[in-house]
Amino acid sequence: MKVLVIGGDGYCGWATALYLSHQGHEVGILDNFVRRHWDLELCIDTLTPIAPMQQRLKRWYEVSGKHISLFVGDITHYDFLAQTLREFAPEGIVHFGEQRSAPFSMISRDHAVLTQTNNVVGTLNLLYGMKELLPDSHLVKLGTMGEYGTPNIDIEEGYITIEHNGRQDTLPYPKQPGSMYHLSKVHDSHNIHFACRVWGLRATDLNQGVVYGVLTEETGADELLINRLDYDGVFGTALNRFCIQAAVGHPLTVYGKGGQTRAFLDLRDTVRCVELALLHPAQPGEFRVFNQFTEQFSVQDLALKVQQAGSALGLKVEIDHLPNPRVEKEEHYFSAKNTNLLSLGLQPHFLSDSLLDSLLNFAIKYQQRVDLTQILPRVNWR
Ligand code: NAD
Ligand code: USQ
């Protein structure tokens, strides 16, 4: 299949582009490298030394014999996007190309506006591009489990059947997102749903949980193919951060009580889920929603698991409960469905001691690159 990976220089996108290329798909990467620019602006850096994209692609060709096309530009610029769609003419479009940090979106009004403009306008341009140029292509869009928030009922996959005043309907599941970033994903979902209903486009929204891990078969094949791994207080995510904190002897930063429960998955499952969605496309006019995660944990559970795995490696790991910089429930019900991807054949990698060992060892290997001043959270929701 011919697949365009938008955001292919990022954490999920790079691993996915290489995986799809390895599986024999013809892959193109579109990215404007704005994430590298935001890192520079915030004075942060990935734990792992990532190479420039052109070097990454050259080495991938040397290692695998497979060519990946590169389109450098911003999808909020319609002319560039339309030209890329015309030239590459993909059958599947995987869209990772957004500002994806909740804390980044809450730094200031400017950051909220940047996040929502970048994400909503980029996706809207893509929908118009598909309508005008590639109406039969299939959009696989990365959404987030955080669109749902933490309701006191089970979370379904995108839709819920409701009875009201004696009548019944199946409607989009209510959304209660917890940051300006998560809100941008809700706005995207509404726009994509509209494009499917009204223009007959086909789309799959992957409501992904928090991703952990760094190694995939392909990114581990050579040092120049290494993936990014964020640990700072803005772009770093819970489990990845905890492993790096443990490796450098920083107390684990549990926010508040730590009862916040979220859905998680291994990066190796992200890449496979995307391929499964591509291989089993939505029908014309269908807006399909899959909850993309394999397990649920509270933040405190994760900290205890990392502490245990660290002890086994001889690390002394302390757990801190910091005042929560976010406004979120710290004790709540959380039970989400995730059967759609499993029924398409996903065989999950569950969080195991061996994964934690490998993440911890990876973090130990690159520990001299950690800037300890970037670990504590700096962005407050209030
Ligand atoms: P990332 O920041 O590592 O990568 C995003 C990439 O998109 C970057 O390379 C960036 O330069 C590019 N990009 C952003 N805006 C662009 C634009 N306007 N035009 C072209 N390129 C643009 O993020 P990630 O962690 O790989 O996340 C990818 C997607 O998956 C995001 O949409 C995110 O919301 C979603 N997601 C991520 C996680 C996670 O835990 N990392 C969990 C759930 C969902
Ligand atoms: N948390 C801590 N300590 C930390 C970091 C986070 O306790 O050091 C807590 C947060 O308060 C929150 C939970 O862990 O309750 C998850 O936070 P996170 O930073 O790991 O993840 P989040 O902000 O939700 O965002 C990440 C990705 C985002 C994606 C989302 C999936 O950055 O792109 O959409 O995970 S989900 O959480 O399912 O919405």
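All ligand and atom numbering here is 1-based and tracks the order in the structure. Heavy atoms only: backbone and side chains are in, while hydrogens, waters and symmetry mates are out.
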Check ligand 2 against [X] and write out every atom of the ligand that is under 4.0 Å from a heavy-atom position of the residue.
{"X": "Arg241", "result": "4 (C), 5 (C), 8 (O)"}
{"X": "Ala238", "result": "14 (O), 18 (P), 20 (O)"}
{"X": "Glu328", "result": "10 (C), 11 (O), 12 (C), 15 (O)"}
{"X": "Ala102", "result": "23 (O)"}
{"X": "Gly209", "result": "31 (C), 38 (O)"}

Does atom [atom1] ([X]) have a neighbourhood of more than 12 heavy atoms from anything else shown, all under 6.0 Å?
{"X": "Asp353", "atom1": "CG", "value": "no"}
{"X": "Tyr333", "atom1": "OH", "value": "yes"}
{"X": "Tyr61", "atom1": "OH", "value": "no"}

Go through the steps for Asp232 and Arg378 under the test salt bridge (Lys or Arg N to Asp or Glu O under 4.0 Å), then give the verdict. CA-CA 10 Å; Asp232 61 274; Arg378 285 181 294 170; 5.7 Å; no

Specify whether Phe334 and His332 have parallel, tilted or perpendicular ring planes, treating 30° as the upper limit for parallel and 60° as the lower limit for perpendicular. perpendicular

Using the ring of each side chain (for Trp, its six-membered ring), is Phe104 parallel, tilted or perpendicular to Trp38, with breaks at 30° and 60°?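 Aromatic pair Phe104/Trp38 classed tilted.
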
Please step through salt bridge (Lys or Arg N to Asp or Glu O under 4.0 Å) for the pair Asp39 and Arg35, ending with a clear verdict. CA-CA 6 Å; Asp39 284 358; Arg35 179 54 214 284; 3.0 Å; yes

I'd like the contact residues of ligand 1, where contact means a heavy atom below 4.0 Å. Gly7, Asp9, Gly10, Tyr11, Cys12, Leu30, Asp31, Asn32, Phe33, Val34, Arg35, Gly73, Asp74, Ile75, Phe96, Gly97, Glu98, Arg100, Asn118, Leu142, Gly143, Tyr181, Lys185, Gln208, Gly209, Val210, Val211, Arg228

If you have a sec, work out which protein heavy atom is nearest [atom] and how many Å separate them, to one decimal?
{"atom": "atom 26 (C) of ligand 2", "value": "Thr237 CG2, 3.7 Å"}
{"atom": "atom 16 (C) of ligand 2", "value": "Arg262 CG, 4.2 Å"}
{"atom": "atom 30 (C) of ligand 2", "value": "Thr144 OG1, 3.7 Å"}
{"atom": "atom 7 (O) of ligand 2", "value": "Tyr255 N, 2.9 Å"}
{"atom": "atom 37 (O) of ligand 2", "value": "Val210 CG2, 3.3 Å"}

Residue selection (non-hydrogen contact nearest [atom]) among [options]:
{"atom": "atom 32 (O) of ligand 2", "options": "Met145, Gln99, Arg100, Glu147", "value": "Arg100"}
{"atom": "atom 14 (O) of ligand 2", "options": "Val211, Thr261, Val299, Leu265", "value": "Val299"}
{"atom": "atom 17 (O) of ligand 2", "options": "Gln208, Arg326, Gln245", "value": "Arg326"}

Taking a cutoff of less than 4.0 Å between a non-hydrogen atom of the residue and any ligand atom, is [X] in contact with ligand 2?
{"X": "Tyr181", "result": "yes"}
{"X": "Lys185", "result": "no"}
{"X": "His182", "result": "yes"}

Measure the shortest side-chain to side-chain distance between Leu85 and Leu4 over non-hydrogen atoms and say whether it is less than 4.5 angstrom. yes

Would you please indicate if the ring centroids of Tyr78 and Tyr128 are separated by under 6.0 Å?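 When the ring centroids of Tyr78 and Tyr128 are compared, they turn out to be at least 6.0 Å apart.
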
Could you tell me whether a side-chain N or O of His321 sits under 3.5 Å from a main-chain N or O of Gly256, the two making a donor and an acceptor? yes

Does [X], backbone or side chain, put an N or O under 3.5 Å from an N or O of ligand 2?
{"X": "Asn324", "value": "no"}
{"X": "Gly146", "value": "yes"}
{"X": "Thr253", "value": "yes"}

Checking Arg228 against Phe235: charged group under 6.0 Å from the ring centre and within 45 degrees of the axis?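 No, Arg228 and Phe235 do not form such a contact.
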
Spell out, yes or no, whether Leu322 and Val299 are grouped together once hydrophobic residues are joined by side-chain heavy atoms under 4.5 Å, including indirect joins. no

So that I can tick it off, tell me whether Lys185 and Glu98 are bridged by a salt bridge, with the cut-off set at under 4.0 angstrom between side-chain N and carboxylate O.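 Between Lys185 and Glu98 there is a salt bridge, with a charged N closer than 4.0 Å to a carboxylate O.
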
One thing to verify: whether Arg262 and Glu328 come together as a salt bridge, which I'm taking to mean a side-chain N less than 4.0 angstrom from a carboxylate O.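 Yes, this pair counts.
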
Sort out for me which residue in Gln292, Arg288, Lys337 forms a side-chain contact (heavy atoms from CB on, under 4.5 Å) with Glu157.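 By the side-chain contact (heavy atoms from CB on, under 4.5 Å) criterion, Glu157 pairs with just one of Gln292, Arg288, Lys337: Lys337.
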
